[in-house]
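Below: one structure, written as structure tokens.
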2 protein chains.
Amino acid sequence: MAILNELSEFRRPIAINLANRPTPSNCEDCGARHNGLCEALTEDELAFLARSAQRITLAPGTVFVEEGEKAAYFYNINHGNVRLFKSLPDGRRQITGFSGPGHFLGLAAGENNAFSAEAMDSVKLCRFSRASLMAVFEELPVLERKLLGVAMHELVLAQQQMLLLGRKTAIERIASFLLSWAVRLEMCPAGGLPAANSVLKLPLSRTDLADYLGLTIETVSRSLSQLKRDGMIDIPNIHEIILLRPRTLSEIAEAAV
Amino acid sequence: MAILNELSEFRRPIAINLANRPTPSNCEDCGARHNGLCEALTEDELAFLARSAQRITLAPGTVFVEEGEKAAYFYNINHGNVRLFKSLPDGRRQITGFSGPGHFLGLAAGENNAFSAEAMDSVKLCRFSRASLMAVFEELPVLERKLLGVAMHELVLAQQQMLLLGRKTAIERIASFLLSWAVRLEMCPAGGLPAANSVLKLPLSRTDLADYLGLTIETVSRSLSQLKRDGMIDIPNIHEIILLRPRTLSEIAEAAV
DNA sequence: GTATTTTTTTGATATGGATCAAAGCCGCGT
DNA sequence: ACGCGGCTTTGATCCATATCAAAAAAATAC
């Protein structure tokens, strides 16, 4: 991962962000509140973690984890979004997920990375060496349990995605995606549906969408246009979608009979 | 999960099988060696675990985990095979994975099961209540680390499967599957390829294969026939495939250019 | 503000895999 | 051995989505 050398990197250890802790406040970069994964950690535990962390800023498009390379680091994202993907030698790409503020990254078994990770915008994150994380585990077994929870949640998402990729039609995939993105943005109270006319911000290109949903950009575009024609959504601009009828979208997504 | 009442169940706690421990010997049911996930546990640790386990035998076709139901148990499979799947209301099914001897099952985040599990043949397993497993964690933090390893490995497989479902052609899916099944059966030394002319036992119907690979049974059958015509494999009977040219199969699977 | 490039949408056509249909094949019970 | 029912394979056709192409819109540069 020679590319890491090009990064603006602060070697001085600073407090890492495991959910915008210590005070659950708004993000210093964008003002939004990023709920994270390790809220249960105490000040002392965070201070312990901080001793082995480096804070790094990545330019958009930077591939900072490369599939097949030695898995040397774990990451905790503070700000920005990351796409995780696998590629075939002929260029076909499958995005396996997205990571955002508060998320852990690098949960790969084995010696080498199972996927690549690329900054979608300007990304700030904390980096740990694998070895130092192992040392942290010795002192902080609770972190291991946290990570188990994270991994299990990732597995649930992966299984949903397999159902989507293996068995859903293009329209169903788009509808499923819109709703799952609303969940991701915490627009769904208690795991329910987002409110009618919710505005969904999509910091994704159509290409990302296609590579995430196993479609082509043309099919993504056509499916969105069709949902718009049918009055399910409105598309004021490329990166915003208004969910006019979330209930019906949900029925499409789950193929309710 | 009312179906559990129909099971032949021994309530007396007995030694669970976390990798055919304590002595890594051959399976008492089928004679084969089942490598498992918790080989590092000591006798004492195993004894501790055993106190909260129940041994259960399932008939083929028994659905013992149901998607959406309350996730009450963890399972450790001793013998037999299990398919894990998600379904849509109209009957479309996606198999998300298979579990066999030594595997853990029930690694789902949240209150409810994210998938269903069904015995493919006669299955023997050990069952823990979720609560008792949590208690075990307190005494055996090492188990948590083991499970984290398991979950991470599952994630790697899930990501591979997403690439397969989202971006590979039918032939590539079949080739990928054959090789991954060979890995599963430990026919691949050091993560390499299986030997030429290896005999692959497939305890799966074509329907299972189709639902795992996101295809129809007809396409599965046609793709296998084509690989046979091309001299890649031989199919002496429905449940056995001979890998005549694993290297070429691998090139097909990974879409080498 | 205008030119240039990139991304997105829309249209026309092609195709891989699905669907519909029928013929083997195999296991099982009698 | 025979007949039956459920898999599996093969064949014919169809269709959802890919591919190819071009216009429209948005982003970027000048």
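Labels below follow one simple rule: chain letters A, B, ... track the order of the sequence lines, proteins then strands, and each chain is numbered from 1.
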Please give, in whole Å, the distance from [N] [atom2] to [X] [atom1]?
X	N	atom1	atom2	result
A/Asp211	C/dT7	CG	P	13 Å
B/Lys168	D/dA18	NZ	P	18 Å
B/Ile235	C/dC25	CD1	C1'	14 Å
A/Leu224	C/dT8	CG	P	11 Å
B/Asp90	C/dA18	CG	C1'	15 Å
B/Glu240	D/dT8	CD	P	15 Å
B/Arg167	C/dG16	CZ	C1'	15 Å
B/Glu218	C/dA18	CD	P	8 Å

Would you indicate what A/Leu215 reaches in the nucleic acid, counting non-hydrogen atoms under 4.0 angstrom: base, sugar-phosphate, or nothing?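 The answer is sugar-phosphate, as A/Leu215 gets under 4.0 Å only of primed atoms, P, OP1 or OP2.
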[X] side chain to [Y] main-chain N or O, any donor-acceptor pair under 3.5 Å?
X	Y	answer
A/Arg184	A/Phe98	yes
A/His239	A/Leu202	yes
B/Glu172	B/Thr169	yes
B/Ser225	B/Ser221	yes

Record whether the side chain of A/Arg222 comes under 3.5 Å of the base of D/dT19 through a donor-acceptor pair of N or O atoms.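 Indeed, a donor on one side and an acceptor on the other fall under 3.5 Å apart.
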Which listed nucleotide ([options]) is nearest to the side chain of [X]?
X	options	value
B/Ile217	C/dT8, D/dT8, C/dG11	D/dT8
A/Thr216	D/dT19, C/dT10, D/dT17	D/dT19
B/Thr169	C/dT8, D/dT8, C/dG17	C/dG17
B/Ile238	D/dT9, C/dT10, C/dT19	D/dT9

Nearest 0.5 Å, please: how far is CZ in A/Arg83 from CG in A/Leu204?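 Going from CG on A/Leu204 over to CZ on A/Arg83, the span is 8.5 Å.
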5' priority, DNA chain D, between B/Arg206 and A/Ile171 [closest heavy atom]: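 Nearest nucleotide further toward 5': that of B/Arg206.
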Look at the side-chain N and O atoms of A/Thr219 and state whether any lies under 4.0 Å from the OP1 or OP2 oxygen of D/dA18.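 Result: yes.
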Below 4.0 angstrom from OP1 or OP2 of D/dT9, is there any side-chain N or O of B/Ser221?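 So the side-chain polar atoms of B/Ser221 do come within 4.0 Å of the phosphate oxygens OP1 or OP2 of D/dT9, strictly under.
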Taking all atoms of both residues into account, what is the closest heavy-atom pair of B/Met232 and B/Ile252, and its distance?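 Nearest heavy atoms, B/Met232 then B/Ile252: SD-CD1, 4.2 Å.
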Using the benzene-type ring in the case of Trp, are the ring centres of A/Phe64 and A/Tyr75 under 6.0 Å apart?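 Close enough - the centres of the two rings lie under 6.0 Å apart.
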To the nearest 10°, give me the bend of the helix from C/dG1-D/dC30 to C/dT30-D/dA1, comparing the axes of its five terminal pairs at either end.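 If I round to tens, the end axes sit 50° apart.
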